[in-house]
Amino acid sequence: MADTKREIERKYEATDATRLPDLSRVAGVGRVEKRGVTELDAVYYDTAGLRLAADSLTLRRRTGGADEGWHLKFPVATGIRDELHEPLADTLPRSFAALLRSRLRHTEPVPVVRLLSSRDVRHLTDADGTLLAEVSVDTVCAERLAGEGTGTTATWTEIEVELADDGDPAFLDAVEKRLRKAGVRPSDSPSKLARALAETNLNRDDTGTPKSTPYTAGDHVLTYVREQIRTIVGLDPAVRRDLPDSVHKMRVATRRLRSAFKTYRTVLDREVTDPVGAELKWLAGELGVDRDQEVLDQRLGARTEALPGTLVLGPVRGRLRIWSAARRTGSRRRIVAVLDGKRYLALLDTLDALAADPPLRPAASRAPAKTLPRAVLKDYKKLARRMDHALEHPPGPERDAAMHEARKAAKRARYAGEAARPALGKPAKRFAKRVKAVQTVLGDHQDSVVARDALRTLAIEAHAAGETTFTWGLLYGHEEATAAARERELPEVWARASDPVLRADLKH
């Protein structure tokens, strides 16, 4: 796995006449150390249509400096990126190729820009010599390497302030205050690559991004669909890197997209979207194996930790760890294998094609205020039928199953409201919020059903091993009480979500 560093930096405009102010006067700085000038030669790679740049990703091969090699940067927030590093090599590292597969697909990245930088570096340290930040004045020459106008060059000078590892971001505010006082202003470009692309007139390919304000029902639905597609593609590297909650977020995006296809069948032709939805269901299922076990582990672990020590009898925590590890063995490798598989890459190609040439039906050209509420209310009616069915059953397995089906309908109705919110405004927001509350109650109930099944299995295994099952029975009882509480809470929460005024507002 490549080395990863969280890069927190700010860039500023500079001219030949620009002089750095005395940064030793910045609060907290004990000394400014001159580190000399380093010559850097970096070639930046992208697709022919600049798909990486469109997503604010940076891939480069750089010589010179202490960290020469291949660098891949992912945006985290404004001024913050995760920088991955691999040693210098002639070809793209396999780890980087995997992280970029959702964007590169079947193509190889090509050189698009070369940057020659002369970097004059200073270190800002505190009174004890601890590094606070690195300040550099970079004189840059950019050359276009591909596309129309190959050979076009641009030059500029910029100041870069990069926070030291584990540094306090507030320190950058203090440095900026000093620079601004000296007349130095923040750069309009977030990165050298972005500036090079702009100043050498390379055009980005904003694949799947609508170019105008949505007006019709089709415009709004497609905006939502394209957003989910971008989310799936964008989360692929995070899942491969095993970043927190990335699998869950990617799974949610697949569900939102599949739900949109079902809800807005009057807008998008189901003969095209139904097969795509089936593939999305497959992907969500593959992602869900690991996620479902993670949720269960967290629930049972929290339940156990909440018990007084005197009630935890036997090797309960150890058995939980062993049970969880056995169920999750190989799950990480399996997910990566899915993302590397032909079926997944074919799905991404299909989603791109759908976004570029959507299968619109006649209703897509109608006003959103007429088409979207009908679709949302149709999902609501399905939820209402399932809720009635669930509430008419007495507590027991049949009610558990009926509540689970209602939960799935609530999720779809909620997604429908959220997708319609940009067009319908506050009524859609209120509707989605109320339905989400129903989904939450039903979800906690279903989690309790799954937890009770797992606890029964654990109790059987403990009994077979000659261990006391007291704690497992106690935890089972807690989950039974939770389920009963959710069942008592549900009618009131559903009454708020089924308010006729709420539905009437959607139509106006």
Side-chain angles (χ1 to χ4, degrees), residues 214 216-228 251-274 276-278 280-281 284 358-364 366-391 401-443 445-446 490-491 493-508:
T216 66
D219 290 338
H220 283 280
V221 171
L222 286 176
T223 296
Y224 183 80
V225 164
R226 287 166 173 153
E227 179 185 346
Q228 305 315 314
R251 189 186 185 194
V252 168
T254 65
R255 286 175 165 175
R256 289 180 186 275
L257 184 54
R258 182 165 167 253
S259 180
F261 290 159
K262 290 182 176 181
T263 298
Y264 297 107
R265 284 174 173 173
T266 60
V267 175
L268 297 173
D269 188 348
R270 64 177 299 177
E271 289 190 8
V272 176
T273 60
D274 279 0
V276 182
L280 290 168
K281 182 179 181 179
L360 297 176
R361 299 189 66 198
R366 297 172 187 161
K370 292 184 176 294
T371 301
L372 302 189
R374 292 175 186 170
V376 174
L377 292 175
K378 185 176 180 180
D379 281 349
Y380 165 81
K381 290 177 181 178
K382 183 175 183 179
L383 169 60
R385 289 193 299 269
R386 291 193 179 182
M387 283 298 303
D388 290 343
H389 181 62
L391 292 174
M403 289 179 69
H404 182 44
E405 291 303 311
R407 176 197 185 190
K408 290 187 283 187
K411 188 178 297 184
R412 179 170 160 183
R414 169 197 165 192
Y415 291 160
E418 290 174 346
R421 180 182 171 184
L424 305 182
K426 290 183 179 180
K429 179 181 178 181
R430 285 193 293 268
F431 173 85
K433 184 178 180 180
R434 299 275 184 91
V435 174
K436 182 180 179 181
V438 175
Q439 178 195 331
T440 299
V441 173
L442 292 168
H445 183 275
Q446 175 62 18
L490 184 59
V493 176
W494 172 237
R496 291 196 293 269
S498 56
D499 184 350
V501 175
L502 195 69
R503 302 196 302 278
D505 285 346
L506 287 171
K507 299 178 182 180
H508 297 88

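Along the sequence shown, residues carry numbers from 1. The basis for the numbers below is simple: all heavy atoms, side chains too, and nothing from hydrogens, waters or symmetry mates.
- With rounding to the nearest 0.5 angstrom, the CZ atom of R258 is 11.0 Å from the OG1 atom of T273.
- With sequence neighbours excluded, no residue satisfies side chain to side chain donor-acceptor pair (under 3.5 Å) with T371.
- Considering all non-hydrogen atoms of both residues, L424 and P427 come closest at O-CD, 3.2 Å.
- Although no hydrogens or angles enter the test, the distance criterion places no donor-acceptor pair under 3.5 Å between the side chain of T263 and the main chain of A375.
- Using a 4.5 Å heavy-atom threshold, the side chains of R366 and T266 count as separate.
- For the pair Y415 (side chain) and L257 (backbone), a donor-acceptor distance under 3.5 Å is absent.
- Taking the side chain as every heavy atom from C-beta outward, L372 and L506 never approach each other to under 4.5 Å.
- Considering CZ of R255 and CG of L280, their distance stands at 12.0 Å, rounded to 0.5 Å.
- Taking 4.5 Å as the limit, some side-chain heavy atom of H220 sits within range of a side-chain heavy atom of P422.
- Closest non-hydrogen pair, P368 versus T216, comes out as CD-C, 3.9 Å.
- A search for side-chain contact (heavy atoms from CB on, under 4.5 Å) contacts involving K382 returns R385, R386, R412, not counting sequence neighbours.
- Closest approach of V435 and A410 over heavy atoms only: CG1-O, 3.2 Å.
- Scanning both residues, Y264 and V376, for their nearest heavy atoms gives OH-CG2, 3.8 Å.
- The distance from atom CZ of R496 to atom CZ of R430, rounded to the nearest 0.5 Å, is 15.0 Å.
- The CG atom of L377 sits 7.0 Å away from atom NZ of K381, with the distance rounded to the nearest 0.5 Å.
- Note: K378 NZ to L383 CG = 15.0 Å, rounded to the nearest 0.5 Å.
- Looking at Y224 and D219, their side chains never come closer than 4.5 Å, going by heavy atoms from C-beta outward.
- Of all the heavy atoms in D499 and R434, the pair that sits closest is CB-NH1, 4.4 Å.
- Aromatic ring pairs are classed by plane angle as parallel below 30°, tilted from 30° to 60° and perpendicular above 60°; the pair Y380 and W494 is parallel.
- With rounding to the nearest 0.5 Å, the separation of CD in Q439 from CZ in R414 is 4.5 Å.
- At distances below 3.5 Å, not a single donor-acceptor pair connects side-chain atoms of R270 with backbone N or O atoms of R265.
- Nearest heavy atoms, P373 versus A369: CG-O, 3.2 Å.
- V272 is not listed as a side-chain neighbour of F261, based on a closest heavy-atom distance of 4.5 Å or more.
- Between R407 and H404, the closest side-chain pair of non-hydrogen atoms falls below 4.5 Å.
- Between M387 and L442 the shortest side-chain heavy-atom distance falls below 4.5 Å.
- Taking 4.5 Å as the limit, every side-chain heavy atom of L360 sits out of range of all side-chain heavy atoms of D269.
- A salt bridge is defined here as a Lys NZ or Arg NE, NH1 or NH2 lying under 4.0 Å from an Asp or Glu carboxylate O, and E405 with K408 meets this definition.
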